[in-house]
Amino acid sequence: MKKWGVILGTVFWAMSAHAQHIEVCDTCPIATVTEAIKKAQRFDTITVQPGTYKEHNIKIDKPLTIKGKNYPVIDGELKGEVFTIVSDSVTVDGLYIINVGTSYTEDYAALRVKNSKHFVIQNLVLEKLFFGIYLEKSNYGKVYHNKVIGDATEEYNSGNGIQLWYSNHIDIEHNFIEHVRDGIYLEFSDNCLIKNNISANNVRYGLHFMFSNTDTYQDNTFENNGAGVAVMFSKRIKMFNNTFKENWGTASYGMLLKEINDSEIIGNTFEENTIGINIEGSNRIVYKNNNFIKNGWAIKVRGACYTNAFTANNFLYNSFDVAYNSNVNDNVFDKNYWSNYTGYDLNKDGIGDVPYRPVKLYSYIVNRTPETIILLRSMFIDIIDFSEKVSPVFTPDNLLDNNPQTKRITW
């Protein structure tokens, strides 16, 4: 196998060494991108000069590099898809693509990659679009430094910014996505890295996972999206150092977890969301070194969540730290900092001498009767919370942080 790898590498090097450059411009012998692709040989480079090119259904069916100079405009004139890649080893770089067609039967994209591998999509600006970048059954690709700006207002007539469907080993980094349905969407896509992206002001989710395993997303910002981020029906997901901020609304949260197992949520910030993390049917997850700041609910556990560990997190000025809909608990809360903690530390070891009970009776009541939220911060609520603290009846009596930290945790 190693010998064949060397031979193939030598062949590709030889082909690349003989690659030609083709120039596209209004006054050039070749005036359209479509014509340039037809005339190009494998591994040629096509340079598109500044200007506006009114083209759609541009099919890239051979290994090529298509590079724009000073962001030439490729105008699809609302007639359908603009670029479709159906070859391995394609790079598209530095184009400004606008006016993608809208359809209720086909998912038109500014750029689609179909049944391909070893591709690079970078430095694109996409506007006036339906779907932005759509990867379909394509593997080992990179989607870098793109700007995807839609004008979506409703879910039913809008598409996603970057979509992966049955696509594995994809790196999605340093992209900016806004005003689409879902900023980044993965379905049946494994072993992907989503890093250093900003996904904001989208109609539904900043990021949406479905049936995708062993993926990592880190150092991203998800802000002011319709419902936040949803990670669903997946396992072995690593969620590191992301910011979930200002996702407000009656059905909003920083992050929704549904049927997620064997995953890690470490070093994230959940700030000013209706719900920091909404959890349902998710097990064996490590929540560690996260900041929950000024959320309505920091964590809301809907049920069927077992063997999870919440350790060394900061819970700062949330209306409710933890909400539970059951009086049975199988999860561990330990060594967290709670700004609402009123216990003492007589031996000055940084650990409160009195365990902290994060689930209040009032949060249990609000879960069942949302209208009672109007009583928030009233003396009556303080009294019922105190009574439940002394003698738990409705909330899990073993849901305690036995080692509450007395100072905010830094890492």
Side-chain angles (χ1 to χ4, degrees), residues 124-127 129 131-133 143-155 158-164 171-186 192-210 215-232 237-258 260 265-279 287 289-300 313-320:
L124 304 183
V125 176
L126 312 179
E127 294 187 5
L129 51 87
F131 282 77
I133 298 169
V143 181
Y144 286 169
H145 295 278
N146 301 288
K147 185 178 288 187
V148 183
I149 302 174
D151 51 10
T153 56
E154 302 288 343
E155 286 185 30
S158 58
N160 303 323
I162 299 174
Q163 172 146 337
L164 279 65
D171 291 348
I172 301 172
E173 297 189 38
H174 292 283
N175 300 283
F176 178 83
I177 310 113
E178 70 173 5
H179 296 303
V180 293
R181 182 173 60 197
D182 293 345
I184 303 171
Y185 179 87
L186 283 77
C192 297
L193 174 64
I194 301 168
K195 186 176 180 181
N196 285 316
N197 302 283
I198 297 174
S199 183
N201 305 308
N202 297 300
V203 172
R204 190 169 62 179
Y205 300 121
L207 172 68
H208 191 181
F209 272 75
M210 295 282 285
D215 296 311
T216 297
Y217 68 94
Q218 66 183 74
D219 302 308
N220 302 286
T221 297
F222 305 105
E223 184 173 355
N224 195 33
N225 296 294
V229 166
V231 185
M232 309 170 75
I237 307 299
K238 296 184 185 298
M239 307 167 235
F240 299 155
N241 305 321
N242 301 285
T243 298
F244 305 80
K245 188 175 182 181
E246 295 182 2
N247 299 288
W248 287 109
T250 54
S252 292
Y253 23 74
M255 179 164 61
L256 165 69
L257 299 179
K258 183 174 177 61
I260 301 300
I265 300 173
I266 299 175
N268 303 279
T269 296
F270 300 85
E271 185 171 0
E272 296 185 353
N273 304 285
T274 302
I275 303 169
I277 307 180
N278 192 86
I279 313 168
Y287 302 82
N289 297 355
N290 300 291
N291 289 312
F292 296 90
I293 306 170
K294 296 181 181 178
N295 301 284
W297 286 264
I299 295 172
K300 201 170 204 180
N313 302 286
N314 288 311
F315 291 84
L316 304 168
Y317 320 113
N318 303 290
S319 297
F320 303 102

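Along the sequence shown, residues are numbered consecutively beginning with 1.
- Rounded to the nearest 0.5 Å, atoms NZ (Lys294) and OH (Tyr317) are 8.5 Å apart.
- Relative ring orientation between Phe270 and Phe244 is described as parallel, the plane-to-plane angle staying below 30° on a 0-90° scale split at 30° and 60°.
- At least one donor-acceptor pair closer than 3.5 Å links the side chain of Asp215 to the backbone N or O of Cys192.
- A ring-centre distance under 6.0 Å is not found for His174 and Tyr144.
- At distances below 3.5 Å, at least one donor-acceptor pair connects side-chain atoms of Asn197 with backbone N or O atoms of Ile172.
- Residues Asn220 and Leu207 fail the side-chain proximity criterion, which asks for heavy atoms closer than 4.5 Å.
- Remark: side-chain polar atoms of Ser252 are paired, donor with acceptor, to backbone N or O of Gly226 under 3.5 angstrom.
- Put simply, the side chain of Thr221 does not reach to within 4.5 Å of the side chain of Lys245, judged on heavy atoms.
- For the pair Tyr217 and Val231, the minimum side-chain heavy-atom distance is below 4.5 Å.
- With Asn295 contributing its side chain and Asn318 its backbone, the two residues share no donor-acceptor pair below 3.5 Å.
- The CD1 atom of Ile266 sits 10.0 Å away from atom CG of Asn313, with the distance rounded to the nearest 0.5 Å.
- In this structure, the separation between CD1 on Ile275 and CH2 on Trp248 is 10.0 Å, given to the nearest 0.5 Å.
- Between Asn175 and Val143, some side-chain heavy-atom pair lies under the 4.5 Å cut-off.
- Counting only distance, with no hydrogens or angles, the side chain of Thr243 and the backbone of Thr269 share no donor-acceptor pair below 3.5 Å.
- The shortest heavy-atom contact between Asn202 and Arg181 is CB-O, 3.7 Å.
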Take Ile149 and Glu178 through the test side chain to side chain contact (heavy atoms under 4.5 Å, CB included) and record every step on the way to the result. CA-CA 5 Å; Ile149 302 174; Glu178 70 173 5; 4.1 Å; yes

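- Heavy atoms only, all atoms of each residue included: Leu193 and Glu173 are closest at CD2-OE2, 3.7 Å.
- Side-chain atoms of Asn268 come within 3.5 Å of backbone atoms of Met239 as a donor-acceptor pair (strictly under, hydrogens ignored).
- Asp151 is not listed as a side-chain neighbour of Thr153, based on a closest heavy-atom distance of 4.5 Å or more.
- Between Asn242 and Val229, every side-chain heavy-atom pair lies at or beyond the 4.5 Å cut-off.
- Under a 3.5 Å cut-off, the side chain of Asp182 and the backbone N or O of Asn160 do not form any donor-acceptor pair.
- Ring-plane geometry between Phe315 and Phe292 is classed as parallel, the angle between the planes falling under 30 degrees on a 0 to 90 degree scale with a further cut at 60.
- Without hydrogens or angle criteria, Asn224 side chain to Ala200 main chain gives no donor-acceptor distance under 3.5 Å.
- Of all the heavy atoms in Met210 and Tyr185, the pair that sits closest is CG-OH, 3.9 Å.
- The main-chain N or O of Asn225 is found under 3.5 Å from a side-chain atom of Asn247 such that the two form a donor-acceptor pair.
- Here the side chain of Asn278 pairs no donor or acceptor atom with the backbone of Leu256 at under 3.5 angstrom.
- Side-chain contact between Ile299 and Tyr287 is absent, with no heavy atoms from C-beta onward closer than 4.5 Å.
- At a threshold of 4.5 Å between non-hydrogen side-chain atoms, the residues Met232 and His208 count as touching.
- Relative ring orientation between Tyr253 and Tyr205 is described as parallel, the plane-to-plane angle staying below 30° on a 0-90° scale split at 30° and 60°.
- Pairing each heavy atom of Ile265 with each of Met255, the nearest pair is CD1-CE, 3.7 Å.
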Does Leu126 form a side chain to side chain contact (heavy atoms under 4.5 Å, CB included) with Asn146? I'd like the steps, not just the answer. CA-CA 8 Å; Leu126 312 179; Asn146 301 288; 5.8 Å; no

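- Of all heavy-atom pairs spanning Ser199 and Gly206, the tightest one is OG-O, 2.8 Å.
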Go through the steps for Ile184 and Ile177 under the test side chain to side chain contact (heavy atoms under 4.5 Å, CB included), then give the verdict. CA-CA 8 Å; Ile184 303 171; Ile177 310 113; 3.8 Å; yes

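- In this structure, Asn196 CG and Gln218 CD are separated by 7.5 Å, a value rounded to the nearest 0.5 Å.
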